Amino acid sequence: MKPVKRVAAIHDLAGFGRASLTVIIPILSTMGVQVCPVPTAVLSTHTGGFKDYSFVDLTDSMENYTEHWYKLGLEFDCIYSGFLGSVRQIDIVSKFIDDFGNEDNLTVVDPVMGDNGKLYSTMSNEMIKNMKRLIKKADIITPNYTEAAFLLGKEYKTDIKESEMKQWLTELADMGPKKVIITSVPDSRNKKKTNVIAYDKENEKYWKVSCLYIPAHFPGTGDAFTSVIVGSLLQGDSLPIAMDRGVQFITACIRASYGFGYPEREGVLLERVLQNLNMPVMVSSYEILE
Ligand SMILES: Nc1ncnc2c1ncn2[C@@H]1O[C@H](COP(=O)(O)OP(=O)(O)O)[C@@H](O)[C@H]1O
Ligand SMILES: Cc1ncc(COP(=O)(O)O)c(C=O)c1O
């Protein structure tokens, strides 16, 4: 038995604003998981709400960096990738999965590409095409609703039936991953709610966790959510319990910040709620999608 599980986290480092690695490392460390970052870029801040940030692309250093790990014979319980800035970075992650992925570890790809029906400015059709190639190699993917629509080439609409969402989940799983989790799915019956839905191909089960939508957009919540999913699954939780923990934790993070009127671009007040991750799950609210 290993004393702690180990994750290779392939993400950018943004110095200010609580996103990507500055969120992923504290969450997974608090959950008792060792994080080994593969930095894809270094920014002075994240890009959501700050102007004139500095940006250093680290693509050129990623191959030597990961080759050293390969020579050291390092092993990981999970490979977890997020925002990728170019087709070449997608290729590097793909090779990393070939080199370090195996039957026993978990590969989680968060196909960060857009939000609210739109692609981020750095994304293109070429990137979508290559992201589709990358998700083939993943065990689990965690697109938001916008990213799921782009991966499937479907229309983004705010009114979508549950039966249609199940179809989306199945089609995404047909593209390769064993488990598909879609975040920020609008609730057609209750506009005040937001849903996370998932499909577990091996058990042929569909799950849903709902929560109240808090009218604020804090960057970094997607990274925080997927980190809790990764930590929870590595601790041995089931998929719906991991989803429950992710949703409950993000809600606590947003409520902690929202109550202070905290500036959204600075991210959620993670430091005030991190310890929640060590509390047992008292109430679980997941539902089975029939
Ligand atoms: N304003 C919000 N109110 C309630 N829950 C939220 C809010 N923002 C994010 N979440 C929770 O965090 C999850 C992941 O956030 P999301 O915004 O979908 O990530 P991404 O950054 O990948 O788009 C959502 O499915 C939801 O459960
Ligand atoms: C460079 C960078 N990485 C990560 C993130 C976090 O993205 P998310 O809100 O999807 O967690 C952002 C958000 O603005 C970003 O600019």
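Numbering of ligands and ligand atoms starts at 1, following listing order. None of the values given here were measured: they were computed from a predicted structure.
- Between S61 atom OG and L58 atom CG the span is 4.5 Å, to the nearest 0.5 Å.
- Between K129 and E126 there is a salt bridge, since at least one side-chain N of the basic residue sits less than 4.0 Å from a carboxylate O of the acidic one.
- The closest approach between any non-hydrogen atom of L212 and ligand 1 is below 4.0 Å.
- Under a cutoff of 6.0 Å and an axis angle of 45°, K192 and Y213 do not form a cation-pi pair.
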- Message: Let's go through V247 and F225 carefully: what are the C-alpha distance in whole Å and the side-chain angles of both, what is the deciding distance for side chain to side chain contact (heavy atoms under 4.5 Å, CB included) to 0.1 Å, and is it a yes or a no?
- Response: CA-CA 7 Å; V247 168; F225 175 80; 3.9 Å; yes

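- There is no side-chain donor-acceptor pair under 3.5 Å between S184 and N144.
- Taking the side-chain contact (heavy atoms from CB on, under 4.5 Å) definition, one finds that Y70 meets it with D99, F100, sequence neighbours left out.
- Proximity of I250 to ligand 1, defined as any heavy-atom pair under 4.0 Å, is confined to the side chain (atoms from C-beta onward).
- Note on K178 versus D139: salt bridge recorded, some NZ/NE/NH1/NH2 to OD/OE distance being below 4.0 Å.
- Residue, atom and distance of the protein heavy atom nearest to atom 27 (O) of ligand 1 are V196 CG2, 3.8 Å.
- The closest non-hydrogen atom to atom 9 (C) of ligand 1, taken over T183, I181, I182, T221, comes from T221.
- Nearest protein neighbour of atom 26 (C) of ligand 1, counting heavy atoms only, is T194 CG2, 4.5 Å.
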- Query: side chain to side chain contact (heavy atoms under 4.5 Å, CB included) between Y120 and D115: does it pass, once the steps are laid out?
  - Reply: CA-CA 7 Å; Y120 294 136; D115 209 355; 3.7 Å; yes

In a simple table, one pair per line, please give the protein and ligand 2 atom names for every N or O pair closer than 3.5 Å, along with the distance.
unit_1   : atom_1 : unit_2 : atom_2 : d
ligand 2 : 3 (N)  : D12    : OD1    : 3.0
ligand 2 : 3 (N)  : D12    : OD2    : 3.2
ligand 2 : 9 (O)  : G220   : N      : 2.8
ligand 2 : 11 (O) : G220   : N      : 3.4
ligand 2 : 11 (O) : G222   : N      : 3.2
ligand 2 : 11 (O) : D223   : N      : 3.0
ligand 2 : 11 (O) : D223   : OD2    : 3.3
ligand 2 : 14 (O) : G48    : N      : 3.4
ligand 2 : 16 (O) : T47    : N      : 2.7
ligand 2 : 16 (O) : T47    : OG1    : 2.5

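- From the protein, the heavy atom lying nearest to atom 20 (P) of ligand 1 is G222 CA, 3.6 Å.
- Residue I254 touches ligand 1 through its side chain alone, judged by heavy-atom distances below 4.0 Å.
- A salt bridge links R245 with D237: at least one charged nitrogen is closer than 4.0 Å to a carboxylate oxygen.
- Between N144 and ligand 1, at least one pair of N/O atoms sits closer than 3.5 Å.
- The option from P219, C211, C253, G114 that lies nearest to atom 5 (N) of ligand 1, judged by heavy atoms, is C211.
- Side-chain heavy-atom separations under 4.5 angstrom define the hydrophobic clusters, and the remaining members of the one that includes F55 are L43, Y53.
- For atom 24 (C) of ligand 1, the nearest non-hydrogen atom from the set A224, P111, S184, P215 comes from S184.
- Residue contacts with ligand 1, taken as heavy atom pairs separated by less than 4.0 Å, involve A216 solely via the backbone atoms N, CA, C and O.
- Geometrically, ligand 1 and I214 share a nitrogen or oxygen pair separated by less than 3.5 Å.
- With ring centers used as reference points, W168 lies 6.0 Å or more from Y199.
- E63 has a carboxylate O that lies under 4.0 Å from a charged side-chain N of R88, or vice versa, which qualifies the two as a salt bridge.
- Residue F16 shares its hydrophobic cluster (ILVMFWY side chains chained together at separations under 4.5 Å) with F50.
- At a heavy-atom cutoff of 4.0 Å, ligand 1 is contacted by the side chain of D115 but not by its backbone.
- Close approach of ligand 1 to Y213 is summarised as follows: ligand atoms under 4.0 Å from at least one heavy atom of the residue are 1 (N), 2 (C), 3 (N), 4 (C).
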